[in-house]
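One structure below.
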Amino acid sequence: MAALLQLAGVNVQFAGLQALSNVDLSARGGEIKALIGPNGAGKTTLFNAISGYVPIAAGSISLNGSAIHGLAPHAIAARGVRRTFQNGGLFPELTGLENVLAGLHARIDASFAGILFGTRASRAAERDAVARARRLLDGLGVSHLADVQVNTMSGGQQRTIEIVRAVAAEPPLLLLDEPAVGLAPPVRAQLVELIRRLAGETGIAVLLIEHAIDLVMAAADVIAVFNGGAKIAEGPPAAIRTDPAVLEAYLGHA
Amino acid sequence: MKPFVHLLRPCIAIVAYALATTASAADTAGITDTAIKIGVMAPLTGSGSSYSKAEIGLDAYYKWVNDQGGVNGRKIETVLEDYACDSTKGIAAVKKLIHQDKVFMLHGNSCSAVAMAIKPVVLEAGIPWVIAHAANGAISSPATKNIFHGVPVGKTMGLAMGRFVMTKPGVAKVAVIQHTDDWAKSYCGPAMEFLASQSIKPVVEVALERGQTDATAQTLRIKQANPDFVIACLYEAETAIFLKDAKKFGLNAPVMGTAGTDLENTLKRVGDLDTVANYFVPHMYADNLDGPRLKRFVDILKKYYPSESVTAFSLISMGGGAAVVEALKRSGRDLSREKFIAELDKTRDFDTGVLAGRITWTAADRDGVKEVGIAGFVSGKPTVLKAWGQRL
Amino acid sequence: MNGQTPQHALAHRALGTRVFYAAPLLALVIPLFANPYTQFIVNLTLVYVLVTVGFNLVLGNLGQLAFANTALFGIGAYTAAILMAHAGWPFWAAIPPAGAAGAAAGFLASVTALRGIRNYYLAIVTLAFGELLRWSYIHGEALSGGTDGLTVRHADFFGIALESETARFYVFLLIVTVIVKAVSNLMRSKIGRAIVAIRDNELATASLAIPTGRYIVLAFTLSGFVVGIAGSLFAVLIGQVIPESFGLIELILHFAMVLVGGLGSLFGSVLGALALTALPEFFRPFPGLYEMFFGGLLIVFLLIQPRGLSALCAKRWPALRDRYYRER
Amino acid sequence: MFFLQLALSGLAQGAIYALVALSMCVVYRATTVVNFGHGDLVMAGAFVVYLLVVLAGLPFPASAIAAVALLFILGALIEIGLIERIKAGPHIGFALMCIAVGYLLRGAARAVWGREVLPMPRVFDFPPVMLGELVVTADALVIFSAVGVLLMLFFGLFYRTSAGRIMQAVCQSERGAALVGINVRAFHGVMWGVGAAMGAIGGVLVAPLTLLHPGLGAGFLIKGFAAMTLGGFGSLGGAVAGGLLLGVAEQWVGGYVSTKLIDITAYLVIILVLALRPSGLFGQAVAERV
C-alpha cells in the first residue's frame, strides 16, 4: 500500500539551531510506527512540522501524494491529520463531551444560518454528533466523564479524553505525542490495546512518540530512532533492539 | 415553543391592559399639612462634582428658611439625589423624585446636557422645575408651562462678556480659548455670537482639555495672533494654568473669564496679583464673595455645612431659592402646583439679595435674571465694573 | 445503554430550558406593578443585558481582553440617533444599521487581534480606539451634534409610539429575548464550541481543523452587532446621545457586569446586568458615596466569587450550568 | 524660538509622563500585571502631599517624602492584600482588580473632597530663568531635576546594586528566582510599592502646578500607556523615552497643527505604533511558544 504520509529531506531551523536535519519518514495505513530517542532529538519538532505549527526550511511533507508543508495547521488537520499534545491539548473549562464534540467540528454540517434560527436540519446534525460523541466515550468506558470539566479530571482521564477527541473524526493519520505519560500500568496496557485496535480495525496510520520502551516494543510495528535532529535507524523492534547505532546513541558504547 | 401557545391570549391581554394605563401625578403631590417636598438633583460624584456646591448652598438656604418658621406653617423637606453629571443617572433620579418620592417641585441640576435629557420627562409630568445652576438657555426657552431658570442663562452671561469686551477702546482682535464641552460652549457660544454681530470674528480659536497641566502651545498660538482681548471659557484649575502661562510667555492681553471662576480664588491659585491684574469675570453676585452684602448668605452656608469652602458656585442657587420661597408664601395654605406656577409667573424684579440682577418670570420669558455685572481687580481689590475702566 | 443520554439528565435539562422561556413571559406582568421610575430601571437593565451578552462574547467566551465595548455601544447609539434625528428614520429601521455599525467596529478590533496584538496590548489599543471615537463625536459637530449631542424623539416601532416606559419595555423585551435566544443558539453549537475552544487553547483548536482566524472575527463581529443594537435601544431610552456617556467610567460598569455576572456565561450576563443596574439605585440614600461602594463591591466580588454569580447558581442548580451543545 | 519653547514645555510635561510610564512599567516587568488603576495612585500621591502641607502644616519637602513613603506602603498592601489573593482567578480579573482599587481611591477622595478644587500653595517661587528668548519656568526646572535624579537613582539601583540584580532575576523568570530562594511574594509587594511611590512622585510634582480634584488621575493612565507603548511595552528605558517623546509630540501637534489634537495625540501614538511596530522603539516582540 503506498505511503499515506511521506517526509523527504525535511530540515527545520530555530534561530541557528538545526532542529531537524534531512529527515525522511513515511507512515502507512494500519501501521504503528514509534519514534524514540533522547530528549531534544527533534521528535516533537517533527510532529509540529507535520501538523503545520513549525515551518520547514527544506524538503517536503506530503499526504496522499499532495504537499501539505506550508499549509496552516487547520488546513492540514482538515485533510485528515489529528494529533495530541505533549503537555495536554484539551480545553480545560469545557467538559469531556464538549471536548470530543470539538473534535467532531469539521464533520457537523450545519450552516451559520441553520444554527442561528435553530432549523430542524442543524438540530439533527447536532443531535447526531452528540450521540456519536457519547458512543465514542462509552466505547472507551469513560462515559461518566461526559459532563465533567476537564480541569477537574486526573492526568490519565485527560489522556484518554484527548485520544477519543483525536480519533472522533476517524483521521487517516494519527500523531500521538507521549500518550502514556502519567498513566498507571493497567491503563497503559489498555492504551496499547486501543492503539492496536485503531490501527488494525480502522486502518489508521499511527505515529507514536513514547519513552516507555516496554510500551513501544508491545505496540509498535516499526521503530524509528532519532538523535540530534537526525533519523539514525528504522526497522522492526527486534532489529532496533540490537542496532549498534541505537546502542551508541542511547548507552554511549556499542 | 409549542407548550406556550395556549398562554398567548392572556399575554396579549396583559400587554394591552398595561399599555392602556398611564401614570398621572396629582396636582398636590408632595404637600402634607406640615411639609413641602422639594427634589434637589446634584452631581455629587463624577466629573462635575465641584458644581454640586450650588445645590449644597441651596439646601443650606432651605434649612435656614425652615429655622425661620418655614412657609405658611410648612417646613421645606429637600430630597437630595446624586446624578453624577450623567444622563442615565439623571433620568433615573428625576423619575424617582417625581413618581416614587412624589416631590412637589424640582429645584436642581448643574449639568446642562443632563438637564436637556430630563426636560421631556419633567414636561410630561408637569412638575414645576426651577433650574439651580445649569446655564444652557435652551432648557427654559422657548418658555414652557413648568420650567424656570433661577440663574442667569449662558446667553445673558455671554452677552455681558461680549459687551464688556467691546467697551475696551480700539478692540478689534479677539482670541478664544475654551474646553470642548457643553459647559464652556454655553458661555463662549453667545459671547462670540454677540461679537460676530459687531462684525468681530475671533482671530484664533484654541482648545484646552480638562486636566491639562500645561498650556504652552495654546498661549504661544494666541500670542502669535497678538489679540486685544482673550475670552477664556475654562474651569478654575485650567484658568489658573492658562493665566500663569500667559504671564510666563509675556501674553499681556486682558482675559475675560466665565462665572465658573471667581476673582478671590483665582488670585489665591495663581499666587500673585500681577498675573490676574487684567482678568475679568461676569459677576452674578450683589457683592464680592467676602463683601458685607453677601455675609448673611455665607453665614447661612457655614451654619449648615461648616466644612464647606465658599467659591463662585456656593451661593448662586440661593437667589432662586429666595424667589421660590417668595412664590410659595404668596400661594397660601391650600397650595397646588397650578397655583404655585401662576405665582412664580407673577415674580417681577424680585431682589434676591444675593444675585446682582433681579428675577423676573412671565409666562412668555423664563430666563429669570437678565442683568449680569462684570468684575475685575482695581488697585488690588475685586470691584464690579460698568465698562472698561469705569467702576459701577 | 449505547451512548443514549441517561433519562434523568434529559428531564433535568428540560427544567433549564423551561426556565429560559418562562423568564420573558413572566416579565410581561412587570409594568402592572412598576411605576415609571422602576420601569425605567427595568428598561435600562434590558439594555445592559444586551451590552453584557455582547461584551461576554469577546471577554468571556473568546477570552480576549478587548476594551472596545463602550466604543461599540457608542457607535450603535450614534448611528441610530443620526438616522432618526437627521434622516428621520423610524426606530425599527434604525436598529439593523446600528447593529451593522457595531459589527463593523467589532470586525476592525478583530483584525488587530489577528495581527497578534493580544491581552494588554489589545486592551490598550481598543481603549485608545474608544477614546478616539469619543473625540470624533465631540468634534464632528455637523453629524454628531458635538458636545450637545443628538436628541432622539418620537421613536416608533412598527406603529407603536415609544413614548411611555411601558411601551418601550415591551419592545425592548421582544428585541432582547430574540437576540439572547439567537446568541444562545449560536453558543450551544459547533460555533460556540469553536469560540470557547480558542479561549482555552488556541493552538490545539487549530489541530481539530477549526479555522481559528474566522471564528475570532466572528466572535468580535457578533459582539459588535449585539452591543451596537444595545446602543440603539439606549439612544431611544435616554432620548439623548452625548459623547460623555461613552467614556472610561461606562467601560468600568460594562466590565464589572460581565465579571460579577460570570465570565463566559450567557446566564451570567443577564444576572450581571440585573445586579449592577439595580444595585446603584440602592446607593441613592447615600448620595456621593456611589463610587466608593461600587469600587469596594468589585474588590469583594473578585476576592470571594471571581467566577461570578452564575458559577454560584450553577453549583446550586447544575441545570443552569452553561452548556455548549444541544440534545433536544 | 516657538519650536524650542514648545519642545521645552513638552519635555517638562513629558517628564511627568515618563515618570508615570516608568512606574507602571516597573510593576508590569516585576509582576506581569498592568495597573489600570495607576492614575488614581498619582492622584492619591497629590492628595496626601496636600493633606500634609495644608492640613498638617509640614514643609513641602518633608511632606513629599512622607507622601511617597505612604504610597509605597499602600502599593505594597494592594499587591499583597488583593492582587496576590486572586492569582488563581481568571487572568482578566487582574485588570478589573486594579480598576476597582483605583475607583475606590477616587471614591474615597470624592467622599471627602468631592466638591472641592484644592489649591496647593506656591512651592518653588523663584522667577522663570530666561535662556535668550526661551522661558524656563521654576516648575519645569524642578520637574526636570526631580525626574532626572529619580531616573539616575532608579536605573543605578536597578543595574548596579545586588537588590537591582534580584529585581532583574525575578523579572526574567519568577520560578527561577523562587528556586534560588528569592521570596517572590515579598518582592512583588516591594515592586508594587516602588511603582506606587514613583506614581505618587508624579502626583507630588504635578500638585503645585494644577489644582487637586479626585478626577486628576484619569488622564495620566492613558498618557502612561501611550508612553510605554511608544517606548516598547515592558522596556524601562523605553517608557522614559516614550514619555518624553509623547510630551514633546503633544506640544508640537498643538503648536503647529491644532490644539484640538493635543488630547488625542496619545491615542494616535498608541494605534500607530501598535499597527506599524507592535514592539515599539526598544521593546522585543513577544514570541508565541508552541
Side-chain angles (χ1 to χ4, degrees), chain C residues 59-60 63-65 67 111-112 115-136 138-139 202-203 247-249 251-253 255-256 258-260 263-264 286-308, chain D residues 28 32-34 36-37 39-40 81-83 85-86 88-97 99-111 114-115 214-215 218 221-222 225-226 228-229 233-234 258 260-261 263-264 266-271 273-275 278-279 285-286 288-290:
Chain C
L59 201 62
Q64 290 302 322
L65 195 64
F67 281 13
V111 164
T112 28
R115 268 177 55 79
I117 295 176
R118 295 294 173 84
N119 53 56
Y120 289 125
Y121 286 84
L122 187 61
I124 293 167
V125 79
T126 42
L127 210 61
F129 175 65
E131 288 299 298
L132 207 57
L133 267 177
R134 205 161 59 81
W135 181 84
S136 65
I138 291 172
H139 293 284
E202 184 166 351
L203 291 171
L248 293 177
I249 304 294
L251 184 66
I252 295 175
L253 184 62
F255 211 127
V258 168
L259 209 109
V260 166
L263 262 174
F286 323 100
L289 300 182
Y290 165 71
E291 282 166 328
M292 200 157 70
F293 281 177
F294 190 81
L297 169 86
L298 283 193
I299 292 176
V300 164
F301 231 86
L302 281 165
L303 289 176
I304 296 168
Q305 186 56 32
R307 291 277 171 206
Chain D
Y28 173 69
T32 69
V33 169
V34 171
F36 283 89
D40 295 303
L82 302 172
I83 306 284
R85 300 259 297 270
I86 58 169
H91 182 67
I92 289 169
F94 295 137
L96 191 63
M97 177 59 90
I99 291 174
V101 169
Y103 208 62
L104 184 68
L105 285 175
R106 197 180 311 178
R110 188 94 63 198
R115 292 188 291 282
L221 182 74
I222 296 273
F225 276 151
M228 278 172 76
T229 313
F233 214 79
S258 142
K260 288 192 171 72
L261 294 178
D263 194 24
I264 60 166
Y267 314 139
L268 291 176
V269 158
I270 290 175
I271 290 175
V273 166
L274 285 184
S279 61
V286 179
E288 182 105 14
R289 275 191 46 69
V290 169

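Here is the naming used below: chain letters follow the sequence lines, and residue numbers restart at 1 for every chain. Reckoned from all heavy atoms, side chains included, excluding hydrogens, waters and symmetry mates. What you see is a predicted model, and the numbers here were worked out from it, not measured in a lab.
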For residues 287-302 of chain C, run the donor-acceptor check on the side chains, cut-off 3.5 Å, and write out each pair with its distance to 0.1 Å, sequence neighbours left out.
{"unit_1": "C:Glu291", "atom_1": "OE1", "unit_2": "D:Arg110", "atom_2": "NE", "d": "2.8"}
{"unit_1": "C:Glu291", "atom_1": "OE2", "unit_2": "D:Arg110", "atom_2": "NH2", "d": "3.1"}

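In this structure, the separation between CG on D:Leu274 and CG on C:Leu122 is 9.5 Å, given to the nearest 0.5 Å.
Contact annotation for C:Leu132: both backbone and side-chain heavy atoms come within less than 4.5 Å of a heavy atom of chain D. Using a 4.5 Å cut-off between heavy atoms, D:Ile222 contacts chain C through its side chain alone, with no backbone atom that close. Looking at D:Leu82, both its backbone and its side chain come within 4.5 Å of chain C, counting heavy atoms on both sides. Neither the backbone nor the side chain of D:Val269 has a heavy atom closer than 4.5 Å to any heavy atom of chain C. Of the two parts of D:Ile99, only the side chain, counted from C-beta on, holds a non-hydrogen atom closer than 4.5 Å to a non-hydrogen atom of chain C. Only the side chain of C:Leu263 comes within contact range of chain D, with heavy atoms under 4.5 Å apart.
Chain D forms more heavy-atom pairs under 4.5 Å with one residue of C:Leu248, C:Leu59, C:Val258 than with any other, namely C:Leu59. Taking chain C as the reference chain and counting heavy-atom pairs below 4.5 Å, the highest number among D:Leu96, D:Ile270, D:Leu104 is found for D:Leu96.
Taking the six-membered ring where the residue is Trp, the centroids of C:Phe67 and D:Phe36 are separated by under 6.0 Å.
Here the closest non-hydrogen pair linking D:Lys260 and C:Trp135 is O-NE1, 3.1 Å. Summarising the geometry of D:Asp40 relative to D:Pro214, their closest heavy-atom pair is OD1-O, 4.4 Å, with the distance given to 0.1 Å.
Taking the six-membered ring where the residue is Trp, C:Tyr120 and D:Tyr28 present perpendicular rings, their angle passing 60° and hence far from 30°.
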